[in-house]
2 protein chains.
Amino acid sequence: MGTPSIKEVAQRAGVSVGTVSNFLNRPGIVAPETRQRVQDSIQALGFVRNEAARHLRAGKSRTVGLVVLDVTNPFFTDLAEGAEALAYEHDTVVMLCNSKTDPVREGHHLDQLEQQRVMGILITPFDSTDPRLTALVDRGTPVVLVDRTADRGLCSVSVDDQLGGRLAGNHLIESGHRRIAFIGGPFTMQQVADRRAGITAIAEETGDVDLQHYEVDVMGVVEGRAIGEQLAALPARSRPTAAFLANDLLALGFLQGMAVAGLRVPRDMAIVGYDDIDFARAAAVPLSSVRQPAELLGRTAMELLQEEVESAERHRHRQVIFQPDLIVRESSDFKRRR
Amino acid sequence: MGTPSIKEVAQRAGVSVGTVSNFLNRPGIVAPETRQRVQDSIQALGFVRNEAARHLRAGKSRTVGLVVLDVTNPFFTDLAEGAEALAYEHDTVVMLCNSKTDPVREGHHLDQLEQQRVMGILITPFDSTDPRLTALVDRGTPVVLVDRTADRGLCSVSVDDQLGGRLAGNHLIESGHRRIAFIGGPFTMQQVADRRAGITAIAEETGDVDLQHYEVDVMGVVEGRAIGEQLAALPARSRPTAAFLANDLLALGFLQGMAVAGLRVPRDMAIVGYDDIDFARAAAVPLSSVRQPAELLGRTAMELLQEEVESAERHRHRQVIFQPDLIVRESSDFKRRR
DNA sequence: CCCGGCGATTTAGACGATTCAACTCGGGTC
DNA sequence: GACCCGAGTTGAATCGTCTAAATCGCCGGG
């Protein structure tokens, strides 16, 4: 009654289960006439392979876990896109998990993925030094960090976030801004910390720059707008003239906050975001942003994982680092005379 | 070397595999002292249950597939949230799949889920009459339609989209608008068709209303903005004075389009969206929207599925329909004198 | 006529967790 | 002392698929 198994397919086709299995995995070695009979039987019964059984027998799973911080952020879905594209070529499935920047949810997903004995895990971790990650690896599940640089024995794919921070900072400073807000969070997240370190470094090198730091719990549109309204309420003489936001959702919210408060962008407030998601470009005031090659990140991460899985023993962990680009658009395109 | 199995745990603890299994599934019947030994052994070896084996043996999987049209749309992530919450209570895992409004991707995901013998599938289908869905059910995978009403033998959870369309239309007409644009797509998608039918019906009942229809391929921010700019370019005397958009992402993009073209909302163009996602409220001009209880939809869908799985034979399919609410905010709050 | 060889197919275990009937062992009952 | 009871534990069978080794049938060469 349930789904038919290979056995019933065999019976109906008048062959042994081995032959059906051969048909499925090495059709070349099955005689053409037999092949047809098996094919018909599969069709007639509506046979569907049982992945759990394959997996158990093979000891190897064909699914990869991808744990991201926020599925609603197009940056991560682009990344997932890249990972899935390569997975598809390797006849592999991606299981998308949303940690929502919450370590508890993240842990829960990791447990589930490990129980499923996934082939490997690609993760944008909340905390890349979490011992759970290395424990996972020790127990045999390959892990590749995404959008985060691994220090110890892990593969990782990331973008030079410090450089990204420098690019943004340099651009704003060169445009004449001397009172700049950095907005992101939590500051403990490595990406955020690096972006901050980048702009901090260049601010200090320049000297005479007042860099203010605002921390948020989650980097979403709603939070960005709240901070925007908060800054807009400051008196003009002490208010920053520019803001660098650690991701584009935050920046879009911030931009809305400006609009509501009646501040003009970029005249009253210049804005630079991060990620260069599609609709940053489409915003009411097109958003300047530090571009990360999201799809390439995902693709490369999957590549490293496949490599690690295939070459097992003789695999050496690698840390791939891409360079970000600053894309200047209207939101920061205004020269301020000092 | 690989992950240890129940057998090795048993060996180390000096008990049989049966006892270890009992420890895992019915700890109550294991003697306290034995329980401790097994516990220690598990700890020491770092044993992790093999889900594939459990699944194979049980014949029942503990994961549910959730296929949505667009993971970047907060409406769907809220929905997923609701589904996951209930799943969690049932010790069940949700596998999130993004079809991106693409029937090919959707089909691929369905195939994969079926091979994994998932417990069931919750899906916002591209086309709810797709025979593949009923074929899936015939072969034994329970399916619950989400945000779509099932006509034939399926459970479904949806919101009365025609009513939603009527509410929006009625509101705009009562506010004095007589040239109104409906924007959404593809029109073949049932939700979109129903929302359109709703506003069309009330426009006809009222008479003297010029309802114009604009179709898009995908309902995202980028598309909304494009249509917005297109309408803004029309001469004021033929341009609609109000727009009803079939989801909020579209509406947000449309709003941006207005801002760019210098049209004022709601004075020059009133806007009503659909879904009432969080950041519709936070938009530059807070967006009027037809609210759907996203989380409740997800939760209820999962409930129906659990019910179907548990009561097997004597299960009768049900179609649950919720009522939408119109939330009026600034984007449409302007009385137009006729 | 026998044998080697080859292509096609079958057979017989695994894989890891679960379940259930069977068993052990003390202790209590008559 | 025979018997039973129940708590605790054991061991074997099972789920569906895959693979390596074994088998079968058949042909041609010697």
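Residue numbers begin at 1 in each chain, while the letters A, B, ... track the order of the sequences. Computed from a predicted model, the values in this text were never measured in an experiment. Computed over heavy atoms, backbone and side chain alike; hydrogens, waters and symmetry mates excluded.
- Between B:S16 and D:dG11 there is no side-chain N or O to OP1 or OP2 distance below 4.0 Å.
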Dump the pairs, protein N or O against N or O of nucleotides 23-28 of chain D, anything under 3.5 Å, distances to one decimal.
none

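- Nucleotides of DNA chain C nearest to B:L56 and B:G18 differ in position, and the one nearer the 5' end is that of B:L56.
- The backbone N or O of B:A13 lies less than 3.5 Å from a partner atom in the side chain of B:R37, making a donor-acceptor pair.
- Using a 4.0 Å heavy-atom criterion, one finds that B:S21 contacts the bases of the nucleic acid, with or without backbone contacts as well.
- Between A:V159 and A:R148, every side-chain heavy-atom pair lies at or beyond the 4.5 Å cut-off.
- Using a 4.0 Å heavy-atom cutoff across all strands shown, B:V20 reaches no nucleic acid atom at all.
- Nucleic acid contact for B:F47: sugar-phosphate only, since backbone atoms but no base atoms lie under 4.0 Å from a heavy atom of the residue.
- Between the side chains of A:N50 and B:Q115, no donor-acceptor pair is found at a separation under 3.5 Å.
- Nearest to the side chain of B:T34, among D:dT9, D:dC18, C:dT18, sits D:dT9.
- Nearest to the side-chain atoms of A:R54 among the listed nucleotides D:dT10, C:dT9, D:dT17 stands D:dT17.
- Phosphate contact (OP1/OP2 of C:dA17, side-chain N/O of B:N50, threshold under 4.0 Å): absent.
- In this structure, the side chains of A:L56 and B:R54 stay at 4.5 Å or more apart for every pair of heavy atoms.
- Put simply, the side chain of B:R57 and the base of D:dT14 share a donor and an acceptor less than 3.5 Å apart.
- One finds no side-chain N or O of A:R26 lying less than 4.0 angstrom from the OP1 or OP2 phosphate oxygen of D:dC18.
- The side chain of B:A31 approaches D:dG8 more closely than any other nucleotide in the set C:dT18, D:dG8, D:dC18.
- Judged by distance alone, the side chains of B:T72 and A:T72 never bring a donor and an acceptor atom under 3.5 Å apart.
- Residue A:V15 is in sugar-phosphate contact alone, with no base atom involved, counting any heavy-atom pair closer than 4.0 Å across all strands shown.
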